[in-house]
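Encoded as structure tokens, the structure appears first; notes follow it.
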There are 2 protein chains.
Amino acid sequence: MNIRPPTLSQVAARAGVSVKTASRALNGEPYVSRATGRRVREAADELGYRLNGLARELRTGGTSALVGLISGDLANPFYSAVASGVERELRRHGLLLVTVNNDEDAQLERSLAEALLERRVRALLIVPSGDGVIGGHDVPLVFLDRPPVDHAADSVLIDNAGGARSAAQHLLAGGHRRIALVADLLRTASQRARIDGFAAAMRAAGNPEWEPYLRTDVHDAATAERVVGELLAGPEPPTALFTTNNRLTTGALRALRGRARPPALVGFDDFELADVVGVTVVAHDMTELGRAAARLAYERIGGHTGPPRTVVIPTTLIARGSGERPARP
Amino acid sequence: MNIRPPTLSQVAARAGVSVKTASRALNGEPYVSRATGRRVREAADELGYRLNGLARELRTGGTSALVGLISGDLANPFYSAVASGVERELRRHGLLLVTVNNDEDAQLERSLAEALLERRVRALLIVPSGDGVIGGHDVPLVFLDRPPVDHAADSVLIDNAGGARSAAQHLLAGGHRRIALVADLLRTASQRARIDGFAAAMRAAGNPEWEPYLRTDVHDAATAERVVGELLAGPEPPTALFTTNNRLTTGALRALRGRARPPALVGFDDFELADVVGVTVVAHDMTELGRAAARLAYERIGGHTGPPRTVVIPTTLIARGSGERPARP
DNA sequence: TTGAAAGCGCTAACAG
DNA sequence: CTGTTAGCGCTTTCAA
């Protein structure tokens, strides 16, 4: 366990050749005679030799085969879907994914970025926890889901405003006026965009009646459950609900469970079993979000220069029943 | 973008000291005068210097701060919960998690393990895709969810047999006799253990009537949906269903949707919204599974020797309605 | 087709 | 308190 693994020079010695020849043989370079190549490979096998990627990378340019992803907890299906897409795309190019959880803390995020950069990751993908500034580096940076503050950089965003607008319009079309909006932390740009999109649609439809039912900075399912319960317990409860991410939709569903006449519900983010539960959602391809980000990063790694690019992932409203419940007067 | 980042010796030169002094200053070692320390740090800031972890690690022992996790797709909530637990625990110790997806392919798994070992990960955590042998290394190995074949190693397992037995007993207690068992790939030991536990309980209860309703190697939700549909369409349909993982439970729920008199259902693995949908499950703490594995790995990294250990994560049956539907004659 | 020497960026060991 | 020398394991010259 604690003995050092065999080195190339040990292999070379055993095969009776120089280190360089051993190196050539094991890397499949040309100009190695068949016999020598075989001898080296045998020696390597006997010793259980494995290349030392650290040394190689140090020598060949000081950068690793690693790409870092900083996001929220992988236990959240949104982040894990993104990570899955990123990993898939990276693997195609022989790159490895290092995932770290920022715990939604901007300061931790910065120090994690620092740790990853010390490890000489080839690129850094970030789902920013808030408005932490990370720029000023020589490593390609790609922002996911939320645009970078303060400086331009490649990013992949969801059509947040458009998606929220479609949800709003869908509910308006169902005859709803008193529509509650339950949103997550205002400090994330994606949440603000969703709220703005919703508000814009309401304004366009000349409906101000939703305003008393706006609840923001609701950050977990339990709080969402409570908030929705309170909204419905009021004297003039909303006839419809729009929740701005999967966690909040989950909480709302818990609050609605068992109610005789539940309000209409549309949630941002699709989720497993939404079809079974019959929840109308604003869906978007989270895995593709990750893939697109990895692609942008890979192009930069490959030397692409040019102005920052932004990819926007479209949204689709999927009607499954909950969003089509009629307004009651 | 392509200029080499500044090195320690550049910092040293700028600060007018030797490399070693610069190294000491930046690593917070003792025996550096205040003034020198300040000068070095200033020089580093001006140059935008960042330590090169690759070089450091090569020098200090040839191993990185990385731990590898090889598992199925992170898009599956089981794997992402595990990864979340692993990452949390590793982060406490300043270790970084590299996640790779084996695509359920034993050969890919081996080559990924090889790639990670070349990067000199400090430990390797594996949720084996099947019966691929990975042993024979000098790096700590921990197996998750499925025991290693062929050689002893640390592992963290779920009480598969016990959980399946409790599901079986629960359904038997509800008066069911014709109980369908829908299981995933037989080549994974965890699936076999679940089937065995179920079968043992049936045998103990003297009930052979489930046997015609055994379906195995059902690997995705769509297939599960179809299989369950077929089971229920038969002349003498089962009155209850046991699905052996979250994907299959999802499929079963889709098949059951809208049925007037659905059979009872118990699923292995808890999942988001199981409470909302009212699904009785055999639950277990997947995040803790990951944490425990990371802990075992960390102890080995720290030099712990001794025989392989096995941690078993207990299961709990959570009754939520679907598993309590009575048997109809 | 092969090898010797140099050095990637850092730290350990030993002087001063 | 600070500096010098050596070398981690590999690849890149350049020469044989």
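As a basis for the values below, the full set of heavy atoms in this structure was taken, side chains included, without hydrogen atoms, waters or symmetry mates.
- Residues from residues 6-16 of chain A with heavy atoms under 4.0 angstrom of DNA chain D, sorted by number: A/T7, A/L8.
- Taking atom CD of residue A/E118 and atom C1' of nucleotide C/dC10, one finds them 12 Å apart after rounding to whole Å.
- Taking atom OH on A/Y31 and atom C1' on D/dA15, their separation rounds to 16 Å, with Å as the unit.
- Residue B/T21 places at least one side-chain N or O closer than 4.0 Å to OP1 or OP2 of D/dG3.
- Under the side-chain hydrogen bond (donor to acceptor under 3.5 Å, both in side chains) rule, B/N102 has a single partner from B/E109, B/R110, B/Q107, which is B/E109.
- Contact annotation: A/S23 does not reach the phosphate of D/dC10 (side-chain N/O to OP1 or OP2, under 4.0 Å).
- Between B/Y298 and B/H93, the angle of the ring planes stays under 30°, which puts this pair in the parallel group of the 30/60° scheme.
- Between atom CZ of residue B/R59 and atom CG of residue B/N52 there is a gap of 14.5 Å, rounded to the nearest 0.5 Å.
- Interatomic distance, A/L296 CG to A/T310 OG1, rounded to the nearest 0.5 Å: 9.0 Å.
- The nearest whole Å value for the distance from the CZ atom in B/R119 to the P atom in D/dC10 is 13 Å.
- B/Y49 is not listed as a side-chain neighbour of B/R14, based on a closest heavy-atom distance of 4.5 Å or more.
- Across the interface with DNA chain C, nearest-nucleotide mapping of A/S33 and A/V19 shows A/S33 to be the residue nearer the 5′ end.
- Atom CD in B/E29 sits about 13 Å away from atom P in D/dT2, given to the nearest Å.
- For B/L58, taking side-chain heavy atoms from C-beta onward, the closest of the listed nucleotides D/dC1, C/dG9, D/dT13 is C/dG9.
- For the pair A/L51 and B/V17, both in contact range of DNA chain D, the more 5′-proximal nearest nucleotide belongs to B/V17.
- Within the 4.0 Å cut-off from OP1 or OP2 of D/dC1, not a single side-chain nitrogen or oxygen of B/T36 is found.
- Rounded to an integer number of Å, the gap from CG of A/N27 to P of D/dC10 is 10 Å.
- Under a 4.0 Å N-O distance rule, the pair B/E118/A/R56 does not qualify as a salt bridge.
- The CZ-P distance, from A/R4 to D/dG9, rounds to 5 Å in whole Å.
- Ranking D/dC10, D/dT11, D/dT2 by closeness to the B/R24 side chain, first place goes to D/dT2.
- Under the 4.5 Å side-chain criterion, counting only non-hydrogen atoms from C-beta, B/V142 is not in contact with B/S155.
- Distance CD (A/E57) to P (D/dC10): 12 Å, rounded to an integer number of Å.
- Taking atom CG of B/L54 as the reference point, atom P of D/dG7 lies 22 Å away to the nearest angstrom.
- A donor-acceptor contact under 3.5 Å links the side chain of A/R59 to the base of C/dG7.
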